[in-house]
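Within every chain, numbering begins at 1; the chains are lettered A, B, ... in the order of the sequence lines, protein sequences first and strands thereafter. For the numbers below, each heavy atom of this structure counts, side chains included, while hydrogens, waters and symmetry mates do not.
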Amino acid sequence: MPLKDSRPPSSTPDTDSLVRRLAGPSTTKAGLAKDQTEINKIIAEASKGSKFYENEKRKDKDLTERIEKILKHRDEVVKGVDLAKVEQGVDKLITQLEAHRDLSQVIVHVDMDAFFASVELLDNPDLASKPFGVGHGVLSTASYEARKFGVRSGMPTFIARKLCPELIVISSHFHRYGEMSEKVMAIFRRYDPNMAAAGCDEGYLNITSYCEEHSLTPEECVSQMREIVHQETKLTVSAGIAPNKNKPNGQFKLDFEPEAIKAFMHDLSIRKVPGVGRVHERLLDSIGIKTCGDIFAQRAVLSLMDKEFGLMFLLQAYLGIASNVIEPWQREERKSIGAERTFNPISDTVKIHAKLEEVAAELSGDMTAGGWTGKTITLKYKLDTYKVFTRAKSLDKWVSTRQQDLFALGKELLKPELPLTLRLIGLRVTKLKDLKAEAESKASGIKRFFNSGPADGSPAKKRRTEEVSAGEDDLPQLSQDGFATSMPGYTDEADADAEHLADMEEQSGVNDMKPASNIGAAARPPSSSASQRACTAKPSSSASGPTSPRKKRISSSTNDERGTSSDASAPLLECPICGKLLETDNQGLNEHIDFCLSKQAIKEAQTASLKPPSHSGSSSDAKKRGPKFAPPKAAAKGHGEGLLKFRKKG
DNA sequence: GCGGATCAC
DNA sequence: TATGGTGATCCGC
């Protein structure tokens, strides 16, 4: 496209939102320091004119238009409505949520500091105090020194060098990260055998039992744990007891008091709430919400526009309430398996097929090693313009795991799309079937079933049980030779630090980042992610105790049938959302609430307890169209590890 | 069931 | 020169 752009670079100044967008998703936020705007400008300048830049510009424009529509819709919806009355309804909901806050569990969010960079430092002390990054075309992490220049994970190296000319770029050593990750996770498991790993450098622990049994305060317990990690691995880890986390090498505990929690949330950027990314941040900003505290002031609008904003989700953020159930990720939870690869743009169909074949080979290997098959196959491709498309097909039978068959299916899906100029191609299989479980159950009468013991719903108790039966041997993978080429997720605390360090590098203890995750007794369910999957070498096994300890976790997702589980025993509690009486303990109730916060449930709760005057909208709302905005209700649970695998290079 | 979006890591 | 990979969820149709 020899298209010329006739305008001088300066004639069309980038909008603020575009400049920020170009800075990358990992710019967690926080009022950008002065430096940050300067840095963003440099990044935007370096990107200017590229296809990537044009694509970001397009997305930014789309979002801007979407926001305009939302505001218009808001003005319409608010018209003639008694907002005070709507607020009263929301206040009732808040009261109910508050009444069921569970502060009984001590949840810790642990996060290794600049993980990849720290491991590299162990192996090469010469790097100490030097600005360096790890990665190939894109950095997966940056040392603290490099972050001072604005270098972040996820940043292309050519831009990183513009920000920091002396930057040292070294390649990744995933095998090492995997080894170290295992060591650290093993230490965490001493404190909570049921911990949930979130990527290879993060995790959530419920230390309630450990503290009791060892007569330790949460702070003592976590200090000790961090010290042991340091002694045994020379790596530092930050931890947040309750809500936030601090780093580097910091530790923070929030008082387990509703008021303290709300005060903490009040000034916390909405962007730090798990589930709120760059897009939702802008949408919320458009109606005056920048911090969790702002949610309260806008509750009437949020209630009237629940569909767009997700009222219950935001109220929980405002209150600092979230799930406090920590469980290791389980194999049954897997929903898809796939592979994709980026390359320099290709138009030649023969060459595109060659790439597709490589991807098919990789997927085949992963499916075979993991013991998976499925019923639906999805082709994904990204044009050289960065626009992404998917094409799927569901079969009558299980997808073959053979490379040639996957390749053939991929070609079939791709055919009607050609000709194309692509920069990425991928394949994914969903509607999975677990071949290992099947083989196992056939072989022996495995009893992987829940002995549903309702009474022991408390995580604390579960913890004790621990039955780790280790079965699993899977192991696999092994990379042959390998060199890991794929970028394993960035992670490493991705972001934030850069900006914070810029203005607060000194004070090591305070800088929270991320999330408001485990507020109070609520920990953010570690989300899924396989992020640094490539890093752990032998994953599975150790990881979670395979045998599913049972317990079927509640999915919190949309419409599952509402638990009719009326087990016996336990007191009766009323769910604030659905009003249902449950025979369970507080913990069980919390789980139910998570689960209950589905679209349907929210709707019921609102009409039942809110009842906005005019806007009762019956059902006509449906057509209201409009941009959608519904953050994950309860956040997914995290996996963490079972899927780490080793990638090889091709 | 499909495709686009958004998000986490 | 040049901007990742894996997996999940939600929504509209």
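Between B:dA5 and A:K380, no contact under 4.0 Å exists linking OP1 or OP2 to a side-chain N or O. Dashed line: the shortest gap from a side-chain N or O of A:T342 to OP1 or OP2 of C:dG5 is under 4.0 Å. Note on A:R391: a side-chain N or O is less than 4.0 Å away from OP1 or OP2 of B:dG4. A close approach under 4.0 Å does not occur between any side-chain nitrogen or oxygen of A:T378 and OP1 or OP2 of B:dC2. Of the side-chain N and O atoms in A:R278, none sit less than 4.0 angstrom from OP1 or OP2 of B:dC7. Residue A:S336 places at least one side-chain N or O under 4.0 Å from the OP1 or OP2 atom of C:dA8. Contact annotation: A:R428 does not reach the phosphate of C:dT6 (side-chain N/O to OP1 or OP2, under 4.0 Å).
The nearest whole Å value for the distance from the NE2 atom in A:H280 to the P atom in C:dT9 is 15 Å. Look at OH on A:Y53: it is 16 Å from P on C:dA2, rounded to the nearest Å. Across the protein-nucleic acid pair, A:Y177 atom OH and B:dC9 atom C1' stand 16 Å apart, rounded to whole Å.
One N or O on the side chain of A:S181 and one on the backbone of A:C200 form a donor-acceptor pair closer than 3.5 Å.
At a cut-off of 3.5 angstrom, counting only N and O atoms as typed in the model, there is no donor on one side facing an acceptor on the other between the side-chain of A:S50 and the base of C:dT3.
Not counting sequence neighbours, the partners of A:F389 by the ring-ring contact (aromatic ring centres under 6.0 Å, His included) test are A:Y381.
Listed by first then second residue, pairs satisfying salt bridge (Lys or Arg N to Asp or Glu O under 4.0 Å) with a partner in residues 420-429 of chain A number zero, not counting sequence neighbours.
Side-chain proximity of A:F389 to B:dG1, B:dG4, C:dA8: nearest is B:dG4.
Salt-bridge annotation for A:R176 and A:E179: present, with a side-chain N of the basic residue lying under 4.0 Å from a carboxylate O of the acidic one.
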